[in-house]
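Everything on this sheet refers to the single structure shown next.
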Amino acid sequence: MNLAKRLFGGGIILFILIAITYLGGIYFAIGFGIFSCIAVKELVNALKNLSYNVPLKFAMVINLFFVINAFSNHQNLFMFGFTSILIAIFVYMIFNKKYRMEDFFALLFVVTYVSIFMSSAIRINNKIYLYMLYIIAWGSDTFAYLTGSTIGKHKIKSLESISPHKTIEGFIGGICGAVILNLIYVNYVKLDKNILLVIIFTIIAAFLSETGDLVASFIKRKCKIKDYGNLIPGHGGILDRFDSILFISPCLYLFTLI
């Protein structure tokens, strides 16, 4: 029953992602914008368990700015807007007695972790690279699980408090699996990139993917929650499903510029 629910939930989110990626442009920006707004709300709610009272409406406004700016892809607007947002946060902090200074530091964390990282995917604006994003993120996650559960024997002791089942074999398997899948994909779409560069990037991206998963687990353990939400049956919230994508997106955007 749990497996059926997990497959159903994963199928729905995968269908939506493929649909908005295929349509591209404004549809992808709107789709990812909705995902990021939900993720912001999930993280703000999680941080309440650590006594942080992040101004949700303010966080949503900032998040939408990054989404719109990423869609317009205007660098000068980004710098102007980002500077204006920082000033607005500090002014809001001074005049609003409802929130503590720590709450605004938490707001900056939410904006960086969710808004800036997720909006990077919108900046990519190329279906070939976006599909690569999904292949690396979920390919490394799948291969890490399969390798770790079958031949994983050496646990990573320094990570036991965060992810007690994480093994060295699983970690390496995830990276190797992502490299293999991405090479097959790159060959299929005939991507005009040096193969060695693709391999190096994929290794870095797969490492970032698994790091993103660990960071999400670390935050959940600190906040004493199992999942960020229950929106996706069998998976939890948006952040539970997109944690691997968060760290890869900025890296992949830079890769598209090479």
Side-chain angles (χ1 to χ4, degrees), residues 13 16-17 20 26-125 212 215-232 236-251 253:
I13 201 69
I16 295 173
L17 263 181
I20 63 174
I26 187 68
Y27 299 101
F28 182 79
I30 291 173
F32 245 72
I34 293 171
F35 286 146
S36 64
C37 284
I38 296 171
V40 165
K41 190 172 188 299
E42 289 175 350
L43 186 55
V44 168
N45 287 338
L47 291 175
K48 287 179 181 178
N49 290 354
L50 295 177
S51 300
Y52 290 112
N53 183 25
V54 179
L56 179 59
K57 291 180 181 178
F58 199 13
M60 287 293 187
V61 170
I62 296 172
N63 181 70
L64 287 175
F65 161 78
F66 281 110
V67 169
I68 294 169
N69 178 255
F71 179 66
S72 67
N73 206 16
H74 198 293
Q75 195 63 35
N76 292 334
L77 178 62
F78 174 82
M79 293 305 299
F80 173 77
F82 187 63
T83 304
S84 300
I85 284 170
L86 288 177
I87 294 172
I89 289 174
F90 292 133
V91 171
Y92 196 73
M93 178 176 67
I94 293 170
F95 290 100
N96 197 310
K97 305 301 181 185
K98 180 181 176 182
Y99 302 102
R100 305 165 301 159
M101 182 181 290
E102 298 95 307
D103 298 328
F104 287 95
F105 287 134
L107 171 62
L108 289 173
F109 171 71
V110 171
V111 168
T112 303
Y113 183 66
V114 177
S115 305
I116 294 179
F117 285 2
M118 283 194 78
S119 64
S120 297
I122 300 173
R123 288 183 180 277
I124 294 169
N125 195 30
V215 170
S217 296
F218 173 79
I219 295 171
K220 285 190 286 187
R221 285 188 178 274
K222 287 294 182 180
C223 294
K224 294 180 173 56
I225 56 175
K226 183 179 181 294
D227 295 314
Y228 283 106
N230 55 11
L231 181 66
I232 308 171
I238 290 296
L239 274 177
D240 293 293
R241 199 72 192 106
F242 282 67
D243 52 7
S244 301
I245 287 178
L246 287 174
F247 279 32
I248 305 177
S249 295
C251 186
Y253 172 64

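Nothing here was measured: the structure is a model prediction, and the numbers come from that model. The figures here come from the full heavy-atom set of this structure, side chains too, leaving out hydrogens, waters and symmetry mates.
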Heavy atoms of Met60 and Cys37 approach each other most closely as CE-O, 3.1 Å
Of the non-hydrogen atoms in Pro250 and Phe117, which two are nearest, and what is the gap between them? CG-CD1, 3.8 Å
State whether the number of non-hydrogen atoms from other residues, nucleotides or ligands found under 6.0 Å of Asn49 atom CG is greater than 12. yes
Between CZ of Phe242 and CD1 of Ile248, what distance do you get to the nearest 0.5 Å? 12.0 Å
Nearest-0.5 Å distance that lies between atom CD1 in Ile20 and atom CD1 in Ile30: 10.0 Å
Side chains of Ile232 and Asp240, heavy atoms from C-beta outward: is any pair under 4.5 Å? no
First locate atom CD1 of Ile116, then atom CG of Leu246, and finally report the distance between them rounded to the nearest 0.5 Å. 12.0 Å
When Leu231, Val40, Leu43 are each screened for side chain to side chain contact (heavy atoms under 4.5 Å, CB included) with Ile238, the one that passes is Leu231
Any heavy-atom pair between the side chains of Leu107 and Ile89 that's under 4.5 Å? yes
Nearest 0.5 Å, what's the OH-OG distance between Tyr253 and Ser119? 10.5 Å
How long is the gap from CD1 on Ile122 to CZ on Phe32, to the nearest 0.5 Å? 7.0 Å
Heavy-atom check, side chain of Phe82 versus side chain of Ile87, under 4.5 Å: no
Does a side-chain heavy-atom distance below 4.5 Å link Arg100 with Met93? no
Side-chain touch Leu239/Lys220, heavy atoms, less than 4.5 angstrom: no
For the pair Tyr113 and Phe109, name the ring-plane relationship: parallel under 30°, tilted 30 to 60°, perpendicular over 60°. parallel
Measure the spacing between CD1 of Ile219 and CD1 of Ile225 and express it to the nearest 0.5 Å. 9.0 Å
Please confirm whether the backbone N or O of Tyr52 pairs with a side-chain atom of Glu102, one donor and one acceptor, at under 3.5 Å? no
Students often mix this up, so state it plainly: with edges at 30° and 60°, are the rings of Phe58 and Tyr92 parallel, tilted or perpendicular? tilted
Let's go through Ser249 and Met118 carefully: what are the C-alpha distance in whole Å and the side-chain angles of both, what is the deciding distance for side chain to side chain contact (heavy atoms under 4.5 Å, CB included) to 0.1 Å, and is it a yes or a no? CA-CA 7 Å; Ser249 295; Met118 283 194 78; over 6 Å; no
How close do Phe71 and Ala29 get, counting heavy atoms only, and between which atoms? CD1-CB, 3.6 Å
Taking the side chain from Asp103 and the backbone from Asn53, do they hold a donor-acceptor pair closer than 3.5 Å? yes
Any side-chain heavy atom of Ile16 within less than 4.5 Å of one from Phe35? yes
Is there a donor-acceptor contact under 3.5 Å from the side chain of Ser115 to the main chain of Thr112? no
Any donor-acceptor N/O pair, Asn45 side chain to Lys41 backbone, under 3.5 Å: yes
Nearest non-hydrogen partners of Asn63 and Ser36, listed with the distance: ND2-OG, 3.0 Å
Donor-acceptor contact present, side-chain Asp227 to main-chain Gly229, <3.5 Å: no
Flag side-chain contact, heavy atom, 4.5 Å: Phe104 against Val54: no
